[in-house]
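Notes follow once the structure below has been shown.
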Amino acid sequence: MAFLIGAQKSGTTFLFDQLVARHPHIIGRTWNDTGTPFMKKEAHFFSRVPLLEKDFLEYTSSFAASGDINSQNFTFLDATPDYMQIASAPCRISSLVPEAKIIVVLRDPVLRAFSHWNMNQKLQLRPLVKKFDEEVRIEIEGLRKNGCSFESDAFTATESHKDSSYSRTGSSWNKCFKCKFECGLYSAGDKKDHSKDSPLRRKSVEMSCSESLFSIHGIVRRGFHAEQLHWWLQHLRPDQFLILQYEQLKLSANETLERVVKHLGLDPSLISKDPLKSLQEKPSVYASTKWELPTGGWSIPADNATKQKCMQTFKYLRNFYAPANDRLEQLLNSLGMA
Ligand SMILES: Nc1ncnc2c1ncn2[C@@H]1O[C@H](COP(=O)(O)OS(=O)(=O)O)[C@@H](OP(=O)(O)O)[C@H]1O
């Protein structure tokens, strides 16, 4: 089983669509609510509380509609970009799927934040999304107040998988965002009877955290890729990860797909030559010639006037993220993944 864990707004929809459409042995959850079966991208399964035994069966059987779950020939792909920043997700995944393959796409956190904000405001999320500079300012204030802005922490990136001697001088991703941490499955998680409701209707772990301490929209904190990956590496081995860059995906999509397929242990010669259009449920609204292949998914790029208004904040954010980006480079270097 494989997980495309994020980062959110890093081309994950495109990557998922291409993989399930073009490789016969990569299978997403099969959905049929429109009458035409299609492979659905985001399961959000490992980010809900509580997580019951019956849920896991329900979850795996939603893949099995397209292939035999026990067959070695298929890789089941759950592409939920939220997982990367949910502190309990790696722990839950490693306990249920210890040999999981993990795919990560990283994007410049400034452009990622802007893309995220743009989506949030177009979706008219509640509480209502403020202007980009306001959202950034308020969130950074909150992160600083809670000691979670990761601006000056030293980062010991050389420690190995599950090494208990690992320490940081400051906060860790888990320390800041663990919220309601639940690892593994529960047969009787809490006092409420959850036996009849679907796990997808339960609260996400992140919501239970951000409501209390941090800005709910979280466009800045999702850009701390080094901290998130470091936490994931406490639960899974480095060789389970494939770390990609957004720009690679954008400019060399076919080559990147091949890398992913090889990482999954599948045959790259079976990738269809036809760059099929998106199979995602939402309409394809963006088709830039700058990309090697067409996209799918929910994305309406911001107009230039809006971008111009945000230039100062881009500059501010670049400085803000500079130490985090250095740590990411250090982490990737130490893993031989730079
Ligand atoms: N093939 C292709 N062509 C053009 N643009 C593409 C493509 N694939 C992904 N994208 C851009 O990726 C951004 C959306 O990323 P995600 O799919 O990960 O978003 S989400 O997390 O699922 O909401 C979003 O970025 P922004 O335009 O900056 O918002 C998409 O435009």
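The first residue in the sequence is number 1, and the count goes up from there. Atoms within each ligand, like the ligands themselves, are counted from 1 in listed order.
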key: Atoms in ligand 1 flagged as close to Gln8, the criterion being non-hydrogen separation under 4.0 Å   = 21 (O)
inquiry  = Can you tell me how the ring of Phe63 sits relative to the ring of Phe76, calling it parallel under 30°, perpendicular over 60° and tilted otherwise?
reply    = perpendicular
inquiry  = So for His116, does at least one of its heavy atoms come nearer than 4.0 angstrom to any atom of ligand 1?
reply    = no
query = Have Arg259 and His263 got a donor and an acceptor in their side chains that come within less than 3.5 Å?
reply = no
remark   = All heavy atoms of Pro81 vs all of Thr12, minimum pair found to be CG-OG1, 3.6 Å
request  = Heavy-atom contacts with Pro81 under 4.0 Å: which atoms of ligand 1 show up? List them by number with element.
outcome  = 21 (O)
task = Could you list the residues that satisfy side chain to side chain donor-acceptor pair (under 3.5 Å) with Ser95, not counting sequence neighbours?
result = none
ask   = Taking the minimum heavy-atom distance to atom 22 (O) of ligand 1, which of Lys41, Arg222, Lys9 ranks first?
value = Lys41
task = Using a 4.0 Å heavy-atom cut-off, say whether Arg107 meets ligand 1 through its side chain, its backbone, both or neither.
result = side chain
query = Taking only heavy atoms of Tyr246, which atoms of ligand 1 are found under 4.0 Å from at least one of them?
reply = 11 (C), 12 (O), 25 (O)
request  = Report, in ascending order of atom number, the atoms of ligand 1 lying under 4.0 Å from any heavy atom of Glu42.
outcome  = 22 (O)
N or O contact, Asn118 vs ligand 1, cut-off under 3.5 Å = no
ask   = Would you call Arg222 and Asp82 a salt bridge, using N to O less than 4.0 angstrom?
value = yes
Atoms of ligand 1, numbered as shown, that sit under 4.0 Å from any heavy atom of Met119 = 23 (O)
task = Look at the rings of Phe150 and Phe224 and say which category their plane angle falls in: under 30° parallel, 30 to 60° tilted, over 60° perpendicular.
result = perpendicular
message = Checking side-chain polar atoms at under 3.5 Å, does Asn319 have a donor or acceptor matched by the opposite partner on Lys315?
response = no
